[in-house]
Amino acid sequence: MSVQRPGGPRLHLVPVRQRDAREFVAAWHRHHRPPPGAVFCVGAADDEGVLRAVAMVGRPVARLLDTGQTLEVTRTATDGTANANSLLYGAAWRAAKALGYTRLITYTQAGESGASLRGAGWRVLAQRAPRPGWNCPSRPRTSRGVDQVARTLWEAPAGP
């Protein structure tokens with residue numbers, strides 16, 4: 001599958017090793033570090049083979065959503081190439097279904113429009129209030145700068 005925007009590069013899907021996806025996320029993501037792991041990764045490259053965007057898909061971060069049938073797009077990152085994220089969200093859902101998963105979710109932070117998700121047919125499931133952080137006396141953690149931010153939970157479209 002490929003996507004082209006008038007005046008923009010033509011994009012096509014490419015396999016991406018987890019190590020390479022983590023490096024891309026570290027270089028291009030605005031506010032998150034790469035996740036520690038993934039079930040699979042997929043990329044979008046231009047006709048010259050330049051990697052323009054990646055998606056990392058793993059087990060849901062929220063334990064209650066980790067049913068064995070659900071995956072989560074834990075990170076996408078792009079160099080700014082138009083339509084790259086929409087291409088990856090669609091590809092991630094097709095790949096998850098091909099692996100036997102029945103549900104794919106992701107989150108956006110307050111202030112992010114979700115245009116790429118809407119473009120790929122995803123729908124809003126819930127609005128999540130800002131969380132105070134993950135630090136607790138029994139398991140101290142350092143803030144990564146994304147605490148106190150409201151989030152939106154999205155789900156990939158149902159159907160074949």
Side-chain angles (χ1 to χ4, degrees), residues 1 3 11-26 28-44 51 53-78 83-160:
M1 170 165 285
V3 172
L11 298 175
H12 60 275
L13 297 172
V14 295
V16 178
R17 290 190 171 119
Q18 198 172 135
R19 171 187 68 235
D20 297 331
R22 288 177 49 81
E23 289 175 6
F24 193 93
V25 169
W28 289 101
H29 200 281
R30 293 185 310 252
H31 50 260
H32 283 303
R33 297 187 306 198
V39 172
F40 67 88
C41 303
V42 64
L51 188 62
V54 299
M56 299 182 74
V57 181
R59 291 173 47 207
V61 175
R63 289 179 300 178
L64 293 177
L65 296 176
D66 191 3
T67 63
Q69 293 294 308
T70 301
L71 288 178
E72 179 177 335
V73 178
T74 53
R75 210 70 87 240
T76 63
T78 176
N83 301 319
N85 269 339
S86 292
L87 177 69
L88 293 176
Y89 281 122
W93 180 219
R94 290 189 303 275
K97 286 190 295 186
L99 292 170
Y101 291 92
T102 59
R103 188 176 188 211
L104 184 62
I105 61 170
T106 195
Y107 291 89
T108 55
Q109 290 188 342
E112 295 176 330
S113 72
S116 295
L117 290 157
R118 282 192 303 281
W122 290 50
R123 67 185 177 99
V124 172
L125 279 184
Q127 301 293 329
R128 302 284 193 231
R131 63 176 173 253
W134 295 99
N135 187 41
C136 64
S138 64
R139 192 167 180 184
R141 296 188 179 127
T142 304
S143 174
R144 295 183 179 168
V146 293
D147 301 335
Q148 304 296 334
V149 177
R151 297 158 291 129
T152 302
L153 173 61
W154 298 78
E155 181 177 53

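We count residues from 1, following the sequence as given.
- Using a 4.5 Å cut-off on side-chain heavy atoms (C-beta onward), V16 and F24 make no contact.
- The CD atom of E155 lies 9.0 Å from the CG atom of L104; values are rounded to the nearest 0.5 Å.
- Atoms CG and CG, from N83 and L88 in turn, are 11.0 Å apart once rounded to the nearest 0.5 Å.
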For this session: Please assess M56 against V25 for the test side chain to side chain contact (heavy atoms under 4.5 Å, CB included), listing each intermediate value before the final yes or no.
Result: CA-CA 9 Å; M56 299 182 74; V25 169; 4.0 Å; yes
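- Without hydrogens or angle criteria, R103 side chain to L65 main chain gives no donor-acceptor distance under 3.5 Å.
- Of all heavy-atom pairs between S116 and S86, the closest is O-OG, 3.0 Å.
- Closest heavy-atom contact between A84 and T78: CB-OG1, 3.9 Å.
- Listed here is the closest heavy atom pair of A21 and V54: O-CG2, 4.0 Å.
- In this structure a side-chain-to-backbone donor-acceptor pair under 3.5 Å is missing from R123 to P157.
- Listed here is the closest heavy atom pair of A77 and N85: N-OD1, 4.4 Å.
- Contact annotation: the side chain of L51 never approaches that of E23 to less than 4.5 Å [non-hydrogen atoms, C-beta and beyond].
- In this structure, W154 CH2 and I105 CD1 are separated by 13.5 Å, a value rounded to the nearest 0.5 Å.
- The backbone N or O of V73 sits less than 3.5 Å from a side-chain atom of T106, completing a donor-acceptor pair.
- Put simply, the residue from T152, L153, L117 that forms a side-chain contact (heavy atoms from CB on, under 4.5 Å) with V124 is T152.
- V61 has its side chain out of reach of Y107: every pair of non-hydrogen atoms, C-beta onward, lies at least 4.5 Å apart.
- Between W122 and T108, every side-chain heavy-atom pair lies at or beyond the 4.5 Å cut-off.
- The minimum heavy-atom distance linking V39 with Y101 is given by the pair CG1-OH, 4.4 Å.
- Between the R59 side chain and the G37 main chain, no donor and acceptor come within less than 3.5 Å of each other.
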